[in-house]
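Only heavy atoms go into these numbers, but all of them, side chains included; no hydrogens, no water, no symmetry mates. Each chain gets a letter, A, B and so on, in the order its sequence line appears, and its residues count up from 1.
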Amino acid sequence: MEFWSEETIENFRRTLLDWYDREGRATLPWRVDHDPYRVMVSEIMLQQTQVDTVLPYYERFMQALPTVQDLARAPEAQVLKLWEGLGYYSRARNLQKAARFVVDDLHGHWPESADDLQVLPGVGPYTSAAIASISFGEVVPAVDGNAYRVFSRLLKIDADIAQPKSRKIFYDAILPIVDPDRPGDFNQAIMDLGSSYMTAKNPNSADSPVRAFNAAYRDGVEIAYPVKTKKQRPVKQLYMATVSEKDGRLLFEKRPDTGLLSGFWTFPLEEIQNIEQIVGEQLHIKPIVHVFTHRRWEIWLVKRDLPLTDNRQYLTPDQWQHLSLPTVQHKLLNALEE
DNA sequence: CAAACGTGGCA
DNA sequence: TTGCCAAGTTT
């Protein structure tokens with residue numbers, strides 16, 4: 001691991017921020033001001049999600065709910081509808097809980113430090129540091145995947161970024177480098193760097209504005225960074241989804257309030273061990289495949305009758321079209337039309 | 001701490 | 001087709 005002198009640190013800050021001022025993505029909609037609400041919404045949406053995916057969601061969300069008070073007072077169903085298809089739906093529920101906490105418990109007064117911001121549901125070490133630095137000027141590093149990748153290469157940090165304990169190693173390494181005058185811009189510049197020159201795949205460090213500071217590139221070992229152990233493969237699961245139609249309505253089932261897609265409506269889903277267990281009229285030759293982070297669902301659609309239970313309901317098209325449905329359910333609905 | 005938690009893009 | 005990646009947090 002490399003250590004930088006105070007002179008190197010100052011050169012790095014200047015080089016980075018000069019580049020950011022010239023070529024940073026200043027037009028991103030969450031960078032038009034430093035409103036903590038706008039920043040928080042963007043940061044939550046951007047968790048594990050790419051900028052291009054977030055952009056249309058963010059614009060629609062801010063149009064519908066422009067202030068933290070609007071979000072606090074909105075029906076949860078509206079928030080989930082705005083989040084439909086974005087995934088990791090607990091983010092949406094927690095975001096509204098956070099808004100309600102700020103409005104109801106803090107009377108609209110935002111926590112202004114990273115430590116205090118972490119009381120908000122869904123706001124962890126990264127997001128709190130991002131909001132604190134961008135909106136309130138706190139000098140803290142926002143250690144996200146970009147920061148891991150960028151600084152593991154610049155400083156040749158060998159800690160495994162898949163391990164939680166590595167977070168402190170990076171935090172401590174980056175903290176003295178954060179620009180005390182522009183901490184928010186510093187953090188966002190690192191993110192821009194990580195998504196342009198210092199990418200995960202096919203990095204272009206040769207043309208990077210901070211090439212001179214890149215120890216891994218200098219030593220020809222950039223490919224080795226960041227150090228990251230592999231994730232395990234998704235578990236394969238076989239499901240039978242039931243299509244039950246009655247008077248132009250379709251039978252939906254509400255998922256349990258914990259676990260995967262909790263609280264969302266789907267066709268009744270039954271896990272099966274093999275396709276011999278399929279009963280009813282099979283609707284497709286091929287199954288619908290849907291992959292989650294840790295599961296791979298292979299779903300066979302069948303047409304059959306099913307008894308009503310307390311978590312099942314026949315819904316008209318107008319009813320289910322106004323619900324927030326998970327993408328896997330949209331796939332099933334689309335498959336029905338084929 | 002390891003595992004859970006969505007989805008889309010790309011090599 | 002498969003694996004990996006993308007502005008993480010919660011339990």
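A salt bridge does not link A/E253 to A/R255: none of the charged side-chain nitrogens sits closer than 4.0 Å to a carboxylate oxygen. Using a 4.0 Å cut-off between charged side-chain N and carboxylate O, A/K254 and A/D310 make no salt bridge.
With the nearest nucleotide of DNA chain B identified for both A/P164 and A/K331, A/P164 has the one nearer the 5' end. Nearest-nucleotide positions on DNA chain B for A/F292 and A/K165 put A/K165 closer to the 5' end. Nearest-nucleotide positions on DNA chain C place A/R296 closer to the 5' end than the other of A/R296 and A/L120.
Among the heavy atoms of the strands, none lies under 4.0 Å from A/A130. Note on A/W297: nothing from the nucleic acid sits closer than 4.0 angstrom, heavy atoms only. Looking at heavy-atom distances under 4.0 Å, A/G259 makes contact with sugar-phosphate atoms alone, never a base. Residue contacts for A/R149: at a heavy-atom cut-off of 4.0 Å it reaches the sugar-phosphate backbone alone, with no base atom in range.
With a 4.5 Å cut-off on side-chain heavy atoms, A/M45 and A/W83 count as touching.
The interatomic distance linking A/Q50 (CD) with C/dC4 (C1') rounds to 11 Å, in whole Å. Whole-Å rounding puts the A/Y126 OH to C/dG8 C1' distance at 9 Å. Per the geometry, CG belonging to A/L55 stands 14 Å off P belonging to C/dA7, to the nearest Å. For the pair A/R91 CZ and B/dT7 P, the computed distance is 10 Å after rounding to whole Å.
Residues A/S135 and A/R38 bring no donor and acceptor atom of their side chains to less than 3.5 Å of each other.
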